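Keep in mind the model is a prediction, meaning the values are calculated, not measured. Only this structure's heavy atoms are used, side chains among them; waters, hydrogens and symmetry mates stay out.
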There are 2 protein chains.
Amino acid sequence: MSGVNSAQVRKDLSYLGSHGTRGVGYRIDELRVQLRRALGLTHGYAVVIVGAGNLGSALANYGGFSAWGFEVAAVVDVDRNKVGTEIAGRAVEPFAELASIVAERNVAIGIIATPSWSAQEVADRLTAAGVRSILNFAPATIEVPDGVEIRRVDLSTELQILTYHLQQEG
Amino acid sequence: MSGVNSAQVRKDLSYLGSHGTRGVGYRIDELRVQLRRALGLTHGYAVVIVGAGNLGSALANYGGFSAWGFEVAAVVDVDRNKVGTEIAGRAVEPFAELASIVAERNVAIGIIATPSWSAQEVADRLTAAGVRSILNFAPATIEVPDGVEIRRVDLSTELQILTYHLQQEG
DNA sequence: TAGATTGTTAATCGATTAACAATC
DNA sequence: TAGATTGTTAATCGATTAACAATC
């Protein structure tokens, strides 16, 4: 269905060891467990969302996280008018308390959902607080120290890829 | 800076033809034009955003589109309470008018920013209206006819990739 | 000419696919 | 045994990198 052939699937699975039975097949319930373990999805990760604007709200309300063991531990914002308001059934907390929130709630991942001009500062504060994994939605390039993993979700890039196919079709 | 070596850059650029001068280098202003042309970014594309919730609002307010020639032609929603309200300085329009909006404003790309349960129907309506490129933010798998390009931006997947690195580090 | 940088061929590397023995 | 499917080796394919002549 996904366009991946059987040889590819077997080859990939073999990197995790042997989990099938020759002549019979794979027990998918066991395979699921093995895959989740190999991908590190066995225990939950706490996530902090920085920025309680539209994007931050959309992310906090996003239903797809919990299925993979992610939990939104906090939504923080610098804007005093936003602090205390409810997003996804949770009160927005002050950005100033980021460090203590990260420490106390064992936050592993930070999501930057702020305007571009503040993205670098947010990243600095996150890394200073000990966060080693950052997902950046701001359309800005961010510098982080070695050992900190950063991924950027770039909406324009997604549109450009679509555009490329539009062009090919005529 | 990006970790790509010079041989790779030259090889890639060579697919577009010769735009540099041996012994001298590349004229970056000319190269920009050539690259934009090759990537099909020379003319603007009209985009319709379906869903005026937090995610739709965030996308409509996203500043990164216009730099690449994308223009939000309309934001539509089924909710009568949202129709008429302003998002990014533009009135939300009824979902029922999708087909005429697409036709009249020459919309090339549709963005699905609705709940998962309605994503398939939205995709059906977009393709029926003649849209050939769809960007799906709903955490749902969508079927589209041949000839329609669909990309899914999956926030959970992005988090999972970060998680994998967390695990490697210990 | 000396130095520098492109464009391109050849060598290397890694990933995908095919084939098949092992096994149920 | 016959049929089926895994695990793994070998073959193929494509992409990256190195090397160097061509050129300014």
Not counting sequence neighbours, which residues clear ring pair (Phe, Tyr, Trp, His ring centres under 6.0 Å) with B/Y62? List them please.
->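 Partners of B/Y62 under the ring pair (Phe, Tyr, Trp, His ring centres under 6.0 Å) test: B/F65.
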
Test ring pair (Phe, Tyr, Trp, His ring centres under 6.0 Å) applied to B/Y26 - qualifying residues, sequence neighbours left out =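 Checked B/Y26 against ring pair (Phe, Tyr, Trp, His ring centres under 6.0 Å); zero matches.
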
Verify the neighbour count for atom CZ of B/R36: are there more than 12 heavy atoms of other residues, nucleotides or ligands below 6.0 Å?
->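 Count over threshold, so yes.
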
Less than 3.5 Å apart, which donor and acceptor atoms pair up between the side chains of residues 92-115 of chain B and the rest of the protein, not counting sequence neighbours?
residue: B/E93; atom: OE1; partner: B/R105; partner atom: NH2; Å: 2.8
residue: B/E93; atom: OE2; partner: B/R105; partner atom: NH1; Å: 2.9
residue: B/S100; atom: OG; partner: B/E97; partner atom: O; Å: 3.0
residue: B/R105; atom: NH1; partner: B/A73; partner atom: O; Å: 3.1
residue: B/T114; atom: OG1; partner: B/S118; partner atom: OG; Å: 3.2

Let me have a per-nucleotide readout for nucleotides 19-24 of chain D, 5' to 3', with B, S or -, counting only protein heavy atoms under 4.0 Å.
-> BB-BBB

Nonpolar side-chain network containing [X], other nodes, edges under 4.5 Å:
{"X": "B/V33", "answer": "none"}
{"X": "A/Y15", "answer": "none"}
{"X": "B/V83", "answer": "none"}

To the nearest angstrom, how far is [X] atom [atom1] from [N] atom [atom2]?
{"X": "B/L31", "N": "C/dG7", "atom1": "CG", "atom2": "C1'", "value": "14 Å"}
{"X": "A/D12", "N": "D/dT8", "atom1": "CG", "atom2": "P", "value": "14 Å"}
{"X": "A/N5", "N": "D/dC13", "atom1": "CG", "atom2": "C1'", "value": "13 Å"}
{"X": "A/Y26", "N": "D/dT5", "atom1": "OH", "atom2": "P", "value": "12 Å"}
{"X": "A/Q8", "N": "D/dT5", "atom1": "CD", "atom2": "P", "value": "19 Å"}
{"X": "B/L13", "N": "D/dA15", "atom1": "CG", "atom2": "C1'", "value": "16 Å"}
{"X": "B/L16", "N": "C/dG7", "atom1": "CG", "atom2": "C1'", "value": "13 Å"}

Salt bridge (charged side-chain N to carboxylate O under 4.0 Å, His left out): which pairs involve residues 112-130 of chain B, sequence neighbours left out?
->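 Counting only pairs at least two positions apart or across chains, no salt bridge (charged side-chain N to carboxylate O under 4.0 Å, His left out) contact touches residues 112-130 of chain B.
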
Does a nitrogen or oxygen in the side chain of A/Y15 sit under 4.0 Å from OP1 or OP2 of D/dT8?
->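 Answer no for this pair, as no side-chain N or O of A/Y15 is under 4.0 Å from OP1 or OP2.
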
Identify all stems in which DNA chain C takes part, counting only runs of at least 3 consecutive pairs (Watson-Crick or G-U wobble, each distance under 3.5 Å), and give each as one range with another, ordered by first number.
->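 Detected stem regions: C:3-24 with D:3-24.
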
Contacts of A/T141 that satisfy side chain to side chain contact (heavy atoms under 4.5 Å, CB included) - sequence neighbours left out |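 With sequence neighbours excluded, A/T141 shows a side chain to side chain contact (heavy atoms under 4.5 Å, CB included) to A/R152, given in chain and number order.
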
Side chain to side chain contact (heavy atoms under 4.5 Å, CB included) partners for A/A58, two or more places apart |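 Residues passing side chain to side chain contact (heavy atoms under 4.5 Å, CB included) with A/A58: B/N54, B/L55.
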
Is it true that the side chains of B/R10 and B/S6 contain a donor and an acceptor less than 3.5 Å apart?
->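 Result is yes, a qualifying pair exists.
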
Protein-nucleotides 9-12 of chain C N/O pairs closer than 3.5 Å?
none

